[in-house]
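Below is one structure, written out as structure tokens; the observations come after it.
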Amino acid sequence: MFSPDQENHPAKAPVKYGELIVLGYNGSLPNGDRGRRKSRFALLKRLKANGVKPSTVHIACTPQAAKAISNKDQHSISYTLSRAQTVVVEYTHDSNTDMFQIGRSTESPIDFVVTDTVPGSQSNSDTQSVQSTISRFACRIICERNPPFTARIYAAGFDSSKNIFLGEKAAKWKTIDGQMDGLTTNGVLVMHPRNGFTEDSKPGVWREIYPFAGMCLA
């Protein structure tokens with residue numbers, strides 16, 4: 001299994017950060033594992049780093065903040081504090097990390113598309129009115145390109161405009177180092193196996209975390 005930018009370069013074995021498995025599909029999707037819709041995803045080292053990291057913080061509705069939001073070449077997270085105040089955190093390129101995005105959306109920024117499970121004999125058309133438990137831009141995984149290849153999960157993914165928006169009602173706060181952070185709507189289930197990822201691994205405790213938009217949750 002290759003990440004999108006390595007499917008055309010199979011000759012050289014890439015570094016594998018790890019794998020993601022969609023629980024409940026028993027190895028394959030009903031309509032087959034096609035394109036970005038797979039039941040098993042390998043996170044492989046990209047040919048070119050595409051990770052991002054927090055940079056400049058713009059407070060209130062300044063011209064710099066508006067420019068960051070409208071610039072499709074600039075990743076940013078917008079925190080709406082009130083109708084009169086917004087904090088925009090610009091993100092800059094990080095040559096030491098790879099980023100993989102996961103979600104329900106089929107837009108190009110999503111590397112791995114995760115679809116809803118349709119109960120029983122119902123079709124997708126029967127459940128369109130039901131609110132999905134999978135966010136369109138659910139989360140992003142940042143992997144360090146150098147040993148020990150640490151992987152971190154962050155809530156929410158950047159959309160086609162490279163933006164993440166947290167509305168006025170979302171819980172948010174300022175961290176000690178002056179950065180902003182906040183909570184997203186849907187939680188993520190995380191389990192760390194006992195004894196690590198070894199032959200002696202035992203299932204750990206599943207914990208539901210309502211993760212942060214700017215800080216890693218695992």
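Since this is a predicted model, take the numbers as computed values, not measurements.
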Shortest non-hydrogen separation from V113 to R104 and the atoms involved: CG1-O, 3.7 Å
Side chains of E90 and H75, donor plus acceptor under 3.5 Å: no
Parallel, tilted or perpendicular: ring planes of F112 versus F41, cut at 30 and 60 degrees: parallel
Could you tell me whether the side chain of R140 and the main chain of A155 form a donor-acceptor pair under 3.5 Å? yes
Can you name the closest pair of heavy atoms from G157 and I164 and give their distance? O-CG1, 3.3 Å
If only atom types and distance count, is the side chain of K53 paired as donor or acceptor with the main-chain N or O of Y91 below 3.5 Å? no
Considering only heavy atoms from C-beta outward, does the side chain of V114 approach that of I102 to under 4.5 Å? yes
Could you pull out the closest heavy-atom pair between G167 and K172, with the gap in Å? O-NZ, 2.9 Å
Does E19 form a side chain to side chain contact (heavy atoms under 4.5 Å, CB included) with R40? I'd like the steps, not just the answer. CA-CA 7 Å; E19 292 187 351; R40 188 186 186 109; 2.7 Å; yes
dist D177:CG -> K174:NZ (nearest 0.5 Å) comes out at 10.5 Å
Closest non-hydrogen atom pair between P14 and L44, with its separation: CG-CD1, 3.7 Å
Separation between NE2 (H192) and CH2 (W206), nearest 0.5 Å, reads 10.5 Å
Side chain to side chain, M180 and Y79, heavy atoms closer than 4.5 Å: yes
Please determine whether a side-chain nitrogen of the Lys or Arg among R145 and D98 lies less than 4.0 Å from a carboxylate oxygen of the Asp or Glu. yes
Would you check if the side chain of Q179 reaches a backbone N or O of P54 as a donor-acceptor pair within less than 3.5 Å? no
Is a side-chain donor-acceptor pair under 3.5 Å present for N163 with S76? yes
Please report the interatomic distance OG1(T150) to CD(E144), rounded to the nearest 0.5 Å. 4.0 Å
Taking the side chain as C-beta and beyond, is there a heavy-atom pair between V87 and L81 under 4.5 Å? yes
Any side-chain donor-acceptor pair under 3.5 Å between T198 and D200? no
Drop me the distance from N50's CG to Q101's CD, to the nearest 0.5 angstrom. 8.5 Å
For the student: nearest non-hydrogen atoms of A151 and C143, plus distance: CB-SG, 3.9 Å
Test item: S105 side-chain N/O and E107 main-chain N/O as donor-acceptor pair under 3.5 Å: yes
Could you check whether any side-chain N or O of R194 sits under 3.5 Å from a backbone N or O of P203, counting only pairs where one atom can act as donor and the other as acceptor? yes
Heavy-atom donor-acceptor pair, D181 side chain to W173 backbone, under 3.5 Å: no
Heavy-atom pair of closest approach, residues T184 and A156: CG2-CB, 4.2 Å
Apply the test side chain to side chain contact (heavy atoms under 4.5 Å, CB included) to residues N96 and N146: give CA-CA distance (whole Å), side-chain angles for both, the deciding distance (0.1 Å), then the verdict. CA-CA 7 Å; N96 296 315; N146 300 309; 4.2 Å; yes
Flag, side chain of R46 to backbone of M99, donor-acceptor distance under 3.5 Å: yes
Any side-chain heavy atom of L20 sitting closer than 4.5 Å to one from L43? yes
Rounded to the nearest 0.5 angstrom, the CG-OG distance for D94 and S55 is 11.0 Å
From CA spacing to verdict: side chain to side chain contact (heavy atoms under 4.5 Å, CB included), V15, F149: CA-CA 9 Å; V15 173; F149 306 111; 4.0 Å; yes
Which residue in the set F137, F158, F100 passes side-chain contact (heavy atoms from CB on, under 4.5 Å) when paired with I110? F137
Distance in Å, R152 CZ paired with I142 CD1, rounded so as to fall on 0.5 Å steps: 10.0 Å
Considering only heavy atoms from C-beta outward, does the side chain of I141 approach that of Y154 to under 4.5 Å? no
